[in-house]
Amino acid sequence: MAPMKLEIITAERVVYSDEVDVVVAPGVEGELGILPHHAPLMTVLLPGEITIRKGGEQTYLAVSGGFLEMMANTVTILADAAERSDEIDEVRVQEAMKRAQERVAMRSSDMDLERAVNSIRRSQARLKVVQRRRSRPSPPPGQTQP
Ligand code: ATP
């Protein structure tokens with residue numbers, strides 16, 4: 001099947017731009033799989049994982065939420081934040097998760113629960129994508145992992 005265009009953009013940068021075969025994204029109404037020439041659609045994204053398939057290869061990104069639009073065989077994702085698996089700093093995620101969990105545990109009256117829970121969800125999404133990096137098979141001897 002002829003591919004479709006995928007653009008993942010944040011306010012700061014273009015995170016991903018390429019022709020792809022399949023996009024799976026965390027829509028508010030559940031996991032959303034999009035193939036080329038999918039009917040036009042627009043949806044809100046939750047924090048989670050984006051899976052991209054292109055020529056037999058899978059790429060994983062963490063997304064913090066945003067919008068997805070499918071139109072004219074182009075998927076555009078406007079993300080609050082998005083990182084490819086190799087861009088995620090694992091120590092930073094663990095620290096962000098710990099801070100948010102501590103805020104929730106303290107239950108102080110000035111704590112913004114929704115903000116803390118969202119931070120935990122962003123961290124969970126990043127950790128899931130970091131796991132993917134770890135579970136990739138090792139390259140044959142003499143070759144480095146891209
Ligand atoms: P932190 O408290 O560590 O900033 P956060 O969840 O509040 O975490 P965001 O507000 O979602 O961070 O993101 C701010 C910017 O930092 C975005 O550009 C995002 O891509 C980047 N970012 C956040 N966490 C990480 C991480 N663990 N590794 C790489 N980039 C990250």
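Both counts, for ligands and for their atoms, begin at 1 and track the order of listing.
- Lys5 is linked by a side chain to side chain donor-acceptor pair (under 3.5 Å) to Glu7, Ser17, counting only residues two or more places apart in sequence or in another chain.
- Counting heavy atoms from C-beta outward, Arg126 and Pro47 have side chains that stay 4.5 Å or more apart.
- Met97 and Leu113 fall within the same hydrophobic cluster, defined by Ile, Leu, Val, Met, Phe, Trp and Tyr side-chain heavy atoms under 4.5 Å apart, directly or through other members.
- Ligand 1 lies under 4.0 Å from heavy atoms of Glu12, Ser64, Ala81, Glu83, Glu87, Ile88, Asp89, Arg92, Val93, Ala96, Arg99, Arg122, Arg126.
- With contacts defined as side-chain heavy-atom distances shorter than 4.5 Å, the pair Gln94/Leu127 qualifies.
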For residues 116-123, tabulate all N or O donor-acceptor pairs below 3.5 Å that involve a side-chain atom, not counting sequence neighbours.
| residue | atom | partner | partner atom | Å |
| --- | --- | --- | --- | --- |
| Asn118 | ND2 | Glu114 | O | 3.4 |
| Ser123 | OG | Ser119 | O | 3.0 |

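- The hydrophobic cluster containing Val23 also includes Met4, Leu6, Ile8, Val15, Tyr16, Val20, Leu32, Ile34, Leu41, Leu45, Ile50, Ile52, Leu61, Val63, Leu68, Met70, Val75, Ile77, under a criterion of side-chain heavy atoms closer than 4.5 Å among ILVMFWY residues, counted directly or through chains of members.
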